[in-house]
Protein chains: 2
Amino acid sequence: MTRIRHKSLECSPGCAVEATLQLIDGKWKGVILYHLFQGTLRFNEIRKRLPNITQRMLTTQLRELERDGFVLRTVYPEVPPKVEYSLTSRGQTLEPVIMALKKWGDEHTQFQHGHDVCVE
Amino acid sequence: MTRIRHKSLECSPGCAVEATLQLIDGKWKGVILYHLFQGTLRFNEIRKRLPNITQRMLTTQLRELERDGFVLRTVYPEVPPKVEYSLTSRGQTLEPVIMALKKWGDEHTQFQHGHDVCVE
DNA sequence: CCGAATCCTATATGATACTG
DNA sequence: CAGTATCATATAGGATTCGG
């Protein structure tokens with residue numbers, strides 16, 4: 001779930017935790033970022049890596065990541081269209097965060113790396 | 001947002017990222033965990049540290065954290081009631097994750113540590 | 001003091017169809 | 001290929017009230 005930007009946040013010393021969470025939250029953002037760490041990808045290339053995502057959701061999540069300054073969207077004026085997504089430098093700074101999330105998940109949750117589905 | 005347990009997850013190499021996110025997501029879970037890293041707290045002690053949370057939401061989030069094995073709830077059969085919350089060993093393992101989120105937030109978002117509210 | 005029970009709303013997500 | 005546009009639904013989060 002991505003919440004409204006500029007919404008007032010609870011402020012305690014842990015405030016920054018939620019601030020970060022709100023930016024990378026969204027059902028697919030974590031995985032999208034994860035794949036983009038490995039390099040620039042086209043729209044459909046990302047889609048292939050997320051077999052269950054709908055076109056609409058991929059667009060939505062990418063737009064939010066772009067809006068938040070994590071992802072750069074490059075449109076090539078060709079026919080058929082070609083759009084590439086890559087991380088901005090700000091997006092790169094999220095790598096330790098995403099990797100911490102992945103590391104914990106790998107160590108503490110059981111899921112099968114199957115074709116396209118895993119169960120928590 | 002906390003999603004249903006055992007829901008099928010998208011499985012790609014980044015699957016673990018979302019698996020972890022789904023567990024610590026929830027508007028207040030990150031901050032609650034953050035405060036519990038500093039030691040056992042009573043219900044109202046947590047509440048004081050999260051000035052804007054409602055009683056219902058604090059209960060809800062704590063119950064989910066308990067359900068997911070991160071938090072231990074200890075009820076003292078007294079009048080008036082006394083309930084203490086502490087981290088389980090599994091909860092402790094989240095510390096690097098939460099701290100990575102906090103570190104990023106501290107370095108990359110602007111917010112004011114005020115009385116009770118900050119703006120992203 | 002620490003909740004549970006209700007009721008309510010916003011919004012995140014999804015299904016589906018269409019398009020330059 | 002890479003999107004929009006529409007419609008539908010579930011659920012997260014909140015306000016309020018009551019209780020042991």
Between atom [atom1] in [X] and atom [atom2] in [N], what is the gap in whole Å?
X: A:Leu50; N: D:dA2; atom1: CG; atom2: C1'; answer: 16 Å
X: A:Phe43; N: D:dA2; atom1: CZ; atom2: P; answer: 7 Å
X: A:Arg47; N: D:dG3; atom1: CZ; atom2: C1'; answer: 10 Å
X: B:Glu18; N: C:dA12; atom1: CD; atom2: P; answer: 15 Å
X: A:Lys82; N: D:dG3; atom1: NZ; atom2: P; answer: 13 Å
X: B:Glu64; N: D:dG13; atom1: CD; atom2: C1'; answer: 11 Å
X: A:Leu58; N: C:dA15; atom1: CG; atom2: P; answer: 14 Å
X: A:Leu62; N: D:dC1; atom1: CG; atom2: P; answer: 17 Å

Please pick, from [options], the nucleotide with the shortest atom-to-atom distance to any side-chain atom of [X].
X: B:Asn44; options: C:dC2, D:dC1, D:dG3; result: C:dC2
X: A:Met57; options: D:dA2, D:dG13, C:dT13; result: C:dT13
X: A:Arg63; options: C:dC1, D:dT4, D:dC1; result: D:dT4
X: A:Lys27; options: C:dG14, D:dG13, C:dG3; result: C:dG14
X: A:Thr54; options: D:dT4, C:dG3, C:dA15; result: C:dA15

Phosphate OP1/OP2 of [N]: any [X] side-chain N/O under 4.0 Å:
X: B:Tyr85; N: C:dC1; answer: no
X: B:Gln61; N: D:dA12; answer: no
X: A:Arg73; N: D:dA2; answer: no
X: A:Arg56; N: D:dG3; answer: no

- Query: Checking all strands, does A:Tyr76 fall into the base, sugar-phosphate, or nothing category for heavy-atom contacts under 4.0 angstrom?
  - Reply: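 No contact.
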
- Message: Under 4.0 Å, counting only non-hydrogen atoms across every strand here, what does B:Pro80 touch: a base, just sugar-phosphate, or nothing?
- Response: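 It contacts sugar-phosphate atoms only.
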
Please say yes or no: joined through hydrophobic side-chain contacts below 4.5 Å, possibly via intermediate residues, are [X] and [Y] part of one cluster?
X: B:Val75; Y: B:Leu62; answer: yes
X: B:Met57; Y: B:Tyr34; answer: yes
X: A:Leu72; Y: A:Leu23; answer: no

- Item | Taking every non-hydrogen atom, the tightest pair across A:Leu21 and B:Ile24 |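 Of all heavy-atom pairs spanning A:Leu21 and B:Ile24, the closest is CD1-O, 3.8 Å.
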
- Query: What pair of heavy atoms forms the shortest contact from B:Arg49 to B:Glu45, and how long is it?
  - Reply: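 The pair with the smallest heavy-atom distance is NH1-O, 3.0 Å.
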
- Message: Between A:Lys29 and A:Asp25, is the salt bridge (charged side-chain N to carboxylate O under 4.0 Å, His left out) condition met? List the steps.
- Response: CA-CA 6 Å; A:Lys29 286 187 188 173; A:Asp25 190 13; over 6 Å; no

- Task: Using heavy atoms to find the nearest nucleotide of DNA chain D for A:Glu84 and B:Gln55 separately, return the residue whose nucleotide is more 5′.
- Result: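 Looking at DNA chain D, the more 5' nearest nucleotide goes with A:Glu84.
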
- Find the bend of the helix from C:dC1-D:dG20 to C:dG20-D:dC1 as the angle between its two terminal axes (five pairs each), to the nearest 10°.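 Roughly 50°, once rounded to the nearest ten degrees.
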
- Task: Mark yes or no for whether A:Glu18, through its side chain, and B:Val31, through its backbone, hold a donor-acceptor pair below 3.5 Å.
- Result: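 Side chain of A:Glu18 to backbone of B:Val31, a donor-acceptor pair under 3.5 Å: yes, one is there.
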
- Task: Write out all pairs satisfying ring pair (Phe, Tyr, Trp, His ring centres under 6.0 Å) with one or both partners inside residues 40-86 of chain A, taking only residues at least two apart or from two chains.
- Result: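 Passing the test, one end in residues 40-86 of chain A: A:Phe70-B:Trp104.
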
